[in-house]
Amino acid sequence: MTLEESITRLVNEYIDNFDRFDSNPQIRINPATLTATLVNGSDMLTAIADNDEAIEDAAAADGLSTEDAADFQASQNPDFYAVKKLLISSPAGNTSADIARIRRIAANYAR
């Protein structure tokens with residue numbers, strides 16, 4: 001499954017189950033593995049804090065191996081995209097995934 005397909009599937013999952021998420025649902029993308037997950041906004045804030053702490057810990061240590069570890073950690077830091085910005089409402093009131101926006105996001109990760 002491509003990243004674009006994965007994001008689209010997750011947005012559709014949100015549409016079908018919007019009541020299971022908080023007011024700020026996010027698509028989390030790991031740039032190193034190109035995997036995407038659907039998370040609550042509170043999960044996003046926790047992940048950002050954890051990543052900041054890991055980078056600070058690596059920066060405080062000395063040596064080349066810790067620099068490599070910091071570089072690896074930075075490459076694992078996820079990117080977040082607000083799900084609600086990836087939705088389109090039709091004139092009839094139906095909600096669907098905004099394929100054009102999703103395609104632009106996936107294109108940012110093309111290798």
Side-chain angles (χ1 to χ4, degrees):
M1 177 180 302
T2 67
L3 182 59
E4 180 180 336
E5 293 168 335
S6 179
I7 295 169
T8 302
R9 180 183 57 78
L10 293 169
V11 170
N12 287 327
E13 179 182 330
Y14 170 77
I15 292 168
D16 292 341
N17 301 288
F18 67 91
D19 56 332
R20 294 178 42 211
F21 296 91
D22 67 11
S23 63
N24 188 22
Q26 301 283 317
I27 299 292
R28 175 175 54 199
I29 299 175
N30 180 318
T33 63
L34 298 181
T35 55
T37 54
L38 178 59
V39 299
N40 283 311
S42 58
D43 296 332
M44 172 189 67
L45 296 175
T46 300
I48 290 170
D50 289 346
N51 290 331
D52 288 347
E53 182 179 344
I55 289 174
E56 288 170 9
D57 289 346
D62 293 327
L64 184 56
S65 63
T66 55
E67 184 177 325
D68 291 342
D71 290 345
F72 175 76
Q73 178 59 40
S75 75
Q76 295 289 312
N77 287 348
D79 297 324
F80 292 92
Y81 299 90
V83 172
K84 291 181 179 180
K85 293 187 182 241
L86 303 177
L87 302 175
I88 297 177
S89 294
S90 73
N94 298 322
T95 302
S96 61
D98 185 338
I99 301 302
R101 283 189 179 183
I102 292 170
R103 188 169 289 136
R104 285 193 298 271
I105 290 170
N108 290 332
Y109 299 93
R111 293 182 177 174

To the closest 0.5 Å, what do you measure between CZ (R101) and OG1 (T8)? 13.5 Å
For A97 and I88, the nearest pair of non-hydrogen atoms, with its separation, is O-CD1, 4.3 Å
Could you walk me through whether I29 and I105 pass side chain to side chain contact (heavy atoms under 4.5 Å, CB included), step by step? CA-CA 10 Å; I29 299 175; I105 290 170; 3.9 Å; yes
Considering only heavy atoms from C-beta outward, does the side chain of N108 approach that of R104 to under 4.5 Å? no
As an exercise, state the distance from CD of Q26 to CG of L10, rounded to the nearest 0.5 Å. 12.5 Å
Is it true that I7 and Y109 fall in one hydrophobic cluster, defined by side-chain heavy atoms closer than 4.5 Å? yes
Nearest 0.5 Å, please: how far is CG in N12 from OG in S96? 8.0 Å
Minimal heavy-atom distance between P25 and S23, with the atoms involved, is CD-C, 3.5 Å
Could you tell me the separation between the CD1 atom of I27 and the CZ atom of R9, rounded to the nearest 0.5 Å? 9.0 Å
How long is the straight-line distance from CD of E4 back to CD1 of I102, given to the nearest 0.5 Å? 7.5 Å
As an exercise, state the distance from CG of L38 to OH of Y14, rounded to the nearest 0.5 Å. 9.0 Å
Counting heavy atoms not belonging to F18, are there more than 12 under 6.0 Å from its CZ? no
